[in-house]
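All remarks here apply to the structure that follows.
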Amino acid sequence: MNIAELIKKAQQGHSKAQQGLFNLYADKMMLVCRRYVKNSEDAEEILLDGFTKFFNSLPSFTYQSEAALYMWLKKIMINECLMLLRKNNVFLTVAESAAEDFLLEEEALNNLSAKEIFDLIIQLPVGYRTVFNLYEIEGIEHKEIASLLGIAEGTSKSQLSKAKSLLQKNLLQKGVVYGKRKSQ
């Protein structure tokens, strides 16, 4: 059964079609949730809540393409992550000294695996990680990030800058030679 047929059957409430959609997208959506939420149990809960919202709103969805479906489901998951983070009031700023400025060479991350990069991102403080994911990975502008998170646009920009600096600092601590301090 193709995606369009799965959607049609799932919209009619067929549990096998819903299970098929879940099986098709659960792993990808779990990766999205894990980028925002450090705790795997919270990520699993968000995943299930997100799929519940997805299936509840599916009857009003008009299937256009697999890419559109993926983006809609991904947006649901990201919004669920942000709701949990806002609920837990975790958007605290980190001291300036935690994120010193470094220069990044363009080839810095080419020798790292996706898992190594993920592990570095997940170690960022929640606010930094969230803004980094929304801006650098999802391509959302600072104005919209500020609205989504209930912060000032300048705070979003600052959090992104600090996230990048802290990632660079963590790379240096891991022994990845890729750049130098701005003061040098």
Side-chain angles (χ1 to χ4, degrees), residues 25-51 70-182:
Y25 290 104
D27 289 343
K28 293 173 188 171
M29 294 302 118
M30 181 57 137
L31 290 175
V32 170
C33 293
R34 290 284 292 141
R35 279 201 327 257
Y36 291 89
V37 181
K38 202 174 197 178
N39 181 307
S40 60
E41 290 83 17
D42 286 343
E44 287 176 21
E45 184 176 332
I46 290 168
L47 178 76
L48 295 176
D49 289 346
F51 268 102
Y70 177 83
M71 292 307 296
W72 181 52
L73 183 54
K74 183 177 174 183
K75 184 173 183 172
I76 291 171
M77 295 300 166
I78 291 170
N79 285 337
E80 287 295 306
C81 291
L82 297 179
M83 284 190 336
L84 176 76
L85 295 173
R86 280 192 303 262
K87 178 180 139 191
N88 293 338
N89 198 24
V90 295
F91 294 108
L92 304 174
T93 57
V94 174
E96 297 284 332
S97 61
E100 297 176 28
D101 289 333
F102 293 88
L103 291 174
L104 177 64
E105 293 179 8
E106 287 187 30
E107 304 297 318
L109 301 177
N110 287 350
N111 294 326
L112 295 176
S113 69
K115 180 175 178 357
E116 289 171 313
I117 294 170
F118 171 81
D119 289 343
L120 287 168
I121 292 170
I122 200 71
Q123 294 305 315
L124 290 172
V126 177
Y128 292 8
R129 180 175 66 239
T130 304
V131 172
F132 181 86
N133 281 322
L134 291 171
Y135 187 85
E136 293 294 341
I137 298 175
E138 307 303 338
I140 299 173
E141 295 297 321
H142 287 292
K143 186 173 186 173
E144 186 177 351
I145 293 170
S147 175
L148 286 169
L149 302 182
I151 60 176
E153 187 175 345
T155 302
S156 176
K157 291 175 181 177
S158 172
Q159 294 278 302
L160 177 64
S161 175
K162 292 173 184 176
K164 288 179 177 181
S165 293
L166 193 54
L167 279 172
Q168 293 166 3
K169 181 179 179 181
N170 291 344
L171 281 170
L172 284 176
Q173 288 175 347
K174 281 186 64 146
V176 177
V177 178
Y178 69 92
K180 56 188 173 194
R181 288 179 186 244
K182 284 184 178 177

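Count residues from 1 along the sequence. All figures in this text were calculated on a predicted structure; none of them were measured in a lab.
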With rounding to the nearest 0.5 Å, note down the distance linking [atom1] in [X] to [atom2] in [Y].
X	Y	atom1	atom2	value
Ile46	Met29	CD1	CE	13.5 Å
Asp42	Leu85	CG	CG	9.0 Å
Leu171	Ile117	CG	CD1	8.5 Å
Asp49	Met83	CG	CE	7.5 Å
Glu141	Leu134	CD	CG	11.5 Å
Cys33	Leu48	SG	CG	9.0 Å

Item to complete: Give a yes or no on whether the backbone of Leu148 and the side-chain of Arg86 come within a donor-acceptor separation of less than 3.5 Å.
Response: yes
Discussion item. Donor-acceptor check, side chain of Ser165 to backbone of Ser161, threshold 3.5 angstrom: yes or no?
Written reply: yes
Item to complete: Using the salt bridge (Lys or Arg N to Asp or Glu O under 4.0 Å) rule, collect all pairs that involve residues 70-83, keeping only residues at least two apart or in two chains.
Response: Lys53-Glu80, Lys74-Glu138
Worksheet item: Would Leu160 and Tyr128 count as a side-chain contact (heavy atoms from CB on, under 4.5 Å) if you check the C-alpha gap in whole Å, the side-chain angles of each, and the deciding distance to 0.1 Å?
Response: CA-CA 6 Å; Leu160 177 64; Tyr128 292 8; over 6 Å; no
Residue pair [X] / [Y]: nearest heavy atoms and the distance that separates them:
X	Y	value
Gly50	Ile76	O-CG2, 3.5 Å
Ala43	Arg34	CB-CD, 3.6 Å
Ala152	Ala146	C-CB, 3.7 Å

Worksheet entry | Partner set under ring-ring contact (aromatic ring centres under 6.0 Å, His included) for Tyr135, not counting sequence neighbours | His142
[X] vs [Y] side-chain heavy atoms within contact, under 4.5 Å:
X	Y	answer
Leu149	Val131	yes
Ile151	Ser156	yes
Pro125	Leu166	yes
Phe132	Gln159	no
Lys162	Ser158	yes

Check side chain to side chain donor-acceptor pair (under 3.5 Å) between [X] and all other residues, then give those that pass, not counting sequence neighbours.
X	result
Lys143	none
Glu136	Lys164
Asn79	none

Response to the item:
salt bridge (charged side-chain N to carboxylate O under 4.0 Å, His left out) filter on Glu44, not counting sequence neighbours, yields none
Response to the item:
Residues passing the side-chain contact (heavy atoms from CB on, under 4.5 Å) test with Asn133, sequence neighbours excluded, are Arg35, Tyr36, Ile121, Arg129, Ile137
